[in-house]
Amino acid sequence: MESKKYTIRKDVVGEPQRRAFKIDYERDLNPDQLEAVRTIDCPVLVIAGAGTGKTKTLTYRVAYLVELGGNPQSILLLTFTRKSAGEMLKRAAALLKSTSAEQVSGGTFHSFANTTLRHYAEVLGYGEQFTILDDSDAADVVNLLRTRLSPEKRAQRFPKKETLVDIFSKSENTLTRIEEIIFKEYPRFIEQSEDIVKLKIQFDDYKRRYNLMDYDDLLKNLRRLLEENESVRKSVAGRYSYIMVDEFQDTNKVQGEIVRQLGTDRQNVMVVGDDAQSIYAFRGANFKNIFDFPTYFPNCRTIKLTENYRSTQGILNFSNKVIDAAKEKYEKDLFSRKKSGEKPVVVTAENENVQSKFVVQRILELREEGKTLNDVAVLFRSAYLSFDLEIELTRANIPYVKFGGMKLVEAAHIKDIIAFLRVIENSQDAVGWHRILLLHPGVGPSIAERVLNMITTAGVHTEVSAPEKNLKMPSNAQELLAFISEQSKRKVAPVEQIESVLRYYQPLMKDKYEDYQKREKDLVMFESIAERYRSMQSFLADLALEPPTESVVDLGVKDQKEEQITLSTIHSAKGLEWNSVFIIWALDGKFPTMYATDDDDELEEERRLMYVACTRAKENLYVTYPMNVYDRESGRIFTKASRFIEVVPPDLFEKWNLDFE
């Protein structure tokens with residue numbers, strides 16, 4: 001029988017399927033986002049540049065998979081916070097006008113590990129009712145085991161419980177031997193390496209014996225479960241038709257292995273991230289994961305999101321050049337349909353205080369131009385770099401909130417120095433005396449109380465010159481009283497007084513703080529601030545104008561009644577955006593840090609930090625640095641701009657040199 005040919009018109013193909021969807025994906029998404037949403041038949045690596053709609057893409061993909069049918073619980077969405085997963089699923093549900101999207105299996109790696117391990121705990125030698133230790137609980141267990149060390153070992157300079165937990169965690173998350181962690185990051189404990197390794201073994205044995213897991217154990221044990229039990233791996237991975245992972249550039253080695261084990265059968269994994277925004281190596285994040293994904297999944301499709309919806313093209317041109325110099329990267333150039341606007345500005349200031357005065361004045365000008373304070377941010381590499389600016393903002397009555405670090409008077413070692421200065425200024429300052437007395441080994445609360453009673457009744461000068469025999473005061477406490485008595489008689493500028501205090505205090509700081517080398521940078525900055533004061537009274541008064549407040553831990557919560565600018569470390573600013581952004585202290589030695597210049601990997605991470613900072617700005621970007629910086633040992637030193645902005649062609653920014661009327 002002769003067959004006939006029937007032709008399907010192109011304008012008809014797919015129409016019934018498109019009409020079946022509740023969401024018009026082609027209308028709502030750009031071509032690259034649409035491709036990422038609809039590609040479901042192979043592994044997918046989405047390189048999502050800053051401000052390119054990463055969250056929107058993931059949200060629409062969840063909705064798309066739900067619309068395809070099947071069980072929503074067979075879709076797994078792994079994120080770094082429970083909040084981000086919840087928000088994506090709620091948005092998907094709103095798009096679909098249905099609660100089905102909220103049934104998707106969404107959560108963090110740790111919550112997913114906890115749920116899975118409850119079913120298979122016995123396979124690993126645990127009971128299903130195991131208890132999860134938080135960080136403070138884990139530190140307490142470590143401390144308990146630490147106290148069981150022999151007296152001669154405890155007498156050595158052995159790490160404190162928090163330091164030990166950090167070492168153990170870094171080892172677990174990076175799959176690195178403890179000895180290597182100590183050698184690279186804690187060289188002062190090299191002689192104790194063997195004992196630290198033994199303590200880690202005892203820590204693990206203790207947890208297993210008492211059916212405990214800490215946060216690192218959840219990931220480590222899930223990885224073990226999947227790698228060592230093929231039937232279990234197939235059962236767990238088989239539950240999920242589709243797997244999506246957000247912020248893949250910030251996963252550690254253990255998380256990367258978990259993703260590989262879950263997706264190896266069905267090849268149904270989509271990971272989303274940006275290599276240019278990988279800035280959490282200090283937490284154990286493995287920059288290489290995003291580059292290794294195509295190796296683990298050879299058939300993967302790589303999709304790049306490059307249309308930026310946040311910044312003007314001028315800011316993107318500047319930012320693109322910053323990251324172009326990276327040694328290892330996925331090539332991409334972000335572009336924007338926004339009008340070009342003003343070019344970024346690189347500002348050269350005579351010194352730190354001039355830099356601070358510029359930021360304050362420009363903020364006030366932006367407000368006069370109609371910008372709100374809430375839409376202005378000042379970003380910096382390290383929290384201590386904003387101390388001088390905080391004083392100037394307070395003087396100008398500009399309210400601010402600070403993220404990613406403590407304010408000047410909240411840092412414990414700075415509180416110590418201020419206590420010394422207050423006691424020198426006022427020998428009856430009982431709070432200050434109590435703090436500095438307890439810094440001294442052998443001086444406990446009872447001795448401190450006796451010394452305080454003596455000072456309040458007889459005064460510091462008389463008693464120090466002829467201490468009473470029945471006081472039973474340790475020699476170091478007597479030395480402290482002598483030091484305070486001597487200093488209180490001097491009439492010198494605040495910076496000279498601080499130099500004397502630091503000579504006395506630094507040996508105490510080294511005993512009290514194991515990370516004292518990092519804290520020394522704060523002391524240098526503190527001296528720099530004090531340098532422009534002539535009166536200790538006015539210096540201490542300025543520091544006390546704004547009392548310490550607790551850090552705001554949730555950047556998404558803004559319940560303040562008044563406008564306020566944001567001060568933030570760059571790490572805490574990731575994922576956020578403002579109309580106008582100032583990046584301060586953009587000079588070599590501060591950004592990148594002096595320590596990073598000797599390590600290629602750390603230097604590259606610093607470069608990515610600068611890129612993240614630049615791409616937070618929508619319309620205005622100001623990058624500033626002081627030409628002269630105070631150094632305690634050599635005095636003033638001349639500086640040069642950060643190497644990260646020196647690579648940017650001069651036609652892509654304006655250069656401002658500050659002047660005074």
Side-chain angles (χ1 to χ4, degrees), residues 14 16-112 115 237 239-251 259 262-263 266 268-274 301 303-305 307-310 554-557 574-577:
Q17 185 181 23
R18 277 200 291 270
R19 283 196 296 270
F21 284 111
K22 296 179 180 179
I23 301 170
D24 190 338
Y25 296 94
E26 293 182 354
R27 179 198 65 195
D28 294 352
L29 303 170
N30 69 38
D32 294 328
Q33 293 171 335
L34 185 64
E35 182 183 4
V37 166
R38 286 183 169 175
T39 302
I40 60 173
D41 55 354
C42 65
V44 184
L45 170 62
V46 179
I47 304 298
T52 58
K54 168 182 69 69
T55 300
K56 180 179 181 180
T57 302
L58 277 169
T59 300
Y60 272 76
R61 192 170 199 264
V62 169
Y64 182 75
L65 293 175
V66 170
E67 287 211 76
L68 287 179
N71 182 1
Q73 294 181 356
S74 70
I75 303 168
L76 177 62
L77 173 64
L78 294 174
T79 62
F80 270 81
T81 66
R82 184 178 301 177
K83 179 181 177 182
S84 61
E87 287 181 348
M88 287 185 205
L89 299 185
K90 285 181 180 178
R91 290 182 191 179
L95 288 170
L96 294 170
K97 296 180 174 59
S98 167
T99 60
S100 55
E102 296 188 58
Q103 300 172 27
V104 166
S105 303
T108 65
F109 275 91
H110 289 89
S111 64
F112 173 72
T115 301
R239 298 173 192 163
Y240 304 106
S241 302
Y242 304 100
I243 299 171
M244 289 172 283
V245 183
D246 190 18
E247 303 285 10
F248 193 64
Q249 79 280 351
D250 294 329
T251 52
V259 171
L262 290 174
R266 293 192 177 184
N268 57 1
V269 183
M270 183 176 91
V271 298
V272 182
D274 184 8
R301 181 182 300 181
I303 302 170
K304 297 178 182 178
L305 306 184
E307 182 173 355
N308 180 284
Y309 295 92
R310 175 186 300 153
D554 189 349
L555 295 178
V557 175
K574 186 172 178 289
L576 303 177
E577 59 184 37

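Position 1 is the first residue of the sequence, and the numbers go up from there.
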- request: Measure the shortest side-chain to side-chain distance between F80 and D250 over non-hydrogen atoms and say whether it is less than 4.5 angstrom.
  value: yes
message: Rounded to the nearest 0.5 Å, what separates atom CD in Q73 from atom CD in Q103?
response: 6.0 Å
query: Thinking salt bridges, do D274 and K304 make one under a 4.0 Å N-O criterion?
result: no
statement: Of all heavy-atom pairs linking G107 and A85, the shortest is N-CB, 3.8 Å
field: Non-hydrogen side-chain atoms of F248 and V259 separated by less than 4.5 Å
entry: yes
query: Shortest non-hydrogen contact from Y240 to I243?
result: CB-CG1, 4.0 Å
task: Run the numbers on E247 and K574 for side chain to side chain contact (heavy atoms under 4.5 Å, CB included), then give the verdict.
output: CA-CA 11 Å; E247 303 285 10; K574 186 172 178 289; 3.1 Å; yes
statement: Closest non-hydrogen contact found for V272 with Q249 is O-OE1, 4.4 Å
query: Mind checking whether Y242 and L76 have side chains closer than 4.5 Å, heavy atoms only?
result: no
- prompt: Any side-chain donor paired with an acceptor under 3.5 Å for Y60 and D28?
  reply: yes
message: Please give me the minimum heavy-atom distance between K54 and A48, naming the atom from each residue.
response: CB-CB, 3.8 Å
message: Just so I know, are the side chains of R301 and L45 near enough to count as touching, which here means a heavy-atom distance under 4.5 Å?
response: no
message: If we ignore hydrogens and angles and just use 3.5 Å, is the side chain of E307 paired with the main-chain N or O of T52 as donor and acceptor?
response: no
query: Is V46 close to V271 at the side-chain level, that is, under 4.5 Å between some pair of heavy atoms?
result: no
field: Distance in Å, Q33 CD paired with T57 OG1, rounded so as to fall on 0.5 Å steps
entry: 4.0 Å
task: Without swapping roles, check the side chain of N268 against the backbone of D41 for a donor-acceptor pair under 3.5 Å.
output: no
- prompt: With no hydrogens and no angle check, is any side-chain donor or acceptor of R61 less than 3.5 Å from a backbone partner on A36?
  reply: yes
task: Check for a donor-acceptor pair, side chain of T99 on one end and backbone N or O of E102 on the other, with a separation under 3.5 Å.
output: no
message: For a 4.5 angstrom cut-off between non-hydrogen side-chain atoms, does M244 reach V62?
response: yes
message: Quick check: closest heavy atoms across M270 and L58, and the distance to 0.1 Å?
response: CE-CD2, 3.8 Å
- request: Indicate yes or no: at least one non-hydrogen side-chain atom of I47 is less than 4.5 angstrom from one of I303.
  value: no
query: Do the side chains of T59 and L95 get nearer than 4.5 Å, heavy atoms only?
result: yes
- prompt: How long is the gap from CZ on R91 to OG1 on T55, to the nearest 0.5 Å?
  reply: 6.0 Å
field: Worked check of side chain to side chain contact (heavy atoms under 4.5 Å, CB included) between V66 and I75
entry: CA-CA 8 Å; V66 170; I75 303 168; 4.1 Å; yes
- line: Rounding to 0.5 Å, atoms CZ (R38) and CG (L29) come to a distance of 8.5 Å
query: Is it true that a side-chain atom of T108 and a backbone atom of T79 form a donor plus acceptor pair closer than 3.5 Å?
result: no
field: Closest heavy-atom pair and its distance - A93, A101
entry: N-CB, 3.7 Å
task: Rounded to the nearest 0.5 Å, what's the gap from CD1 on I40 to OH on Y64? Could you check?
output: 5.5 Å
- request: Find the distance between CZ (R239) and OG (S74) and round it off to the nearest 0.5 Å.
  value: 12.5 Å
message: Checking side-chain polar atoms at under 3.5 Å, does Y309 have a donor or acceptor matched by the opposite partner on N30?
response: yes
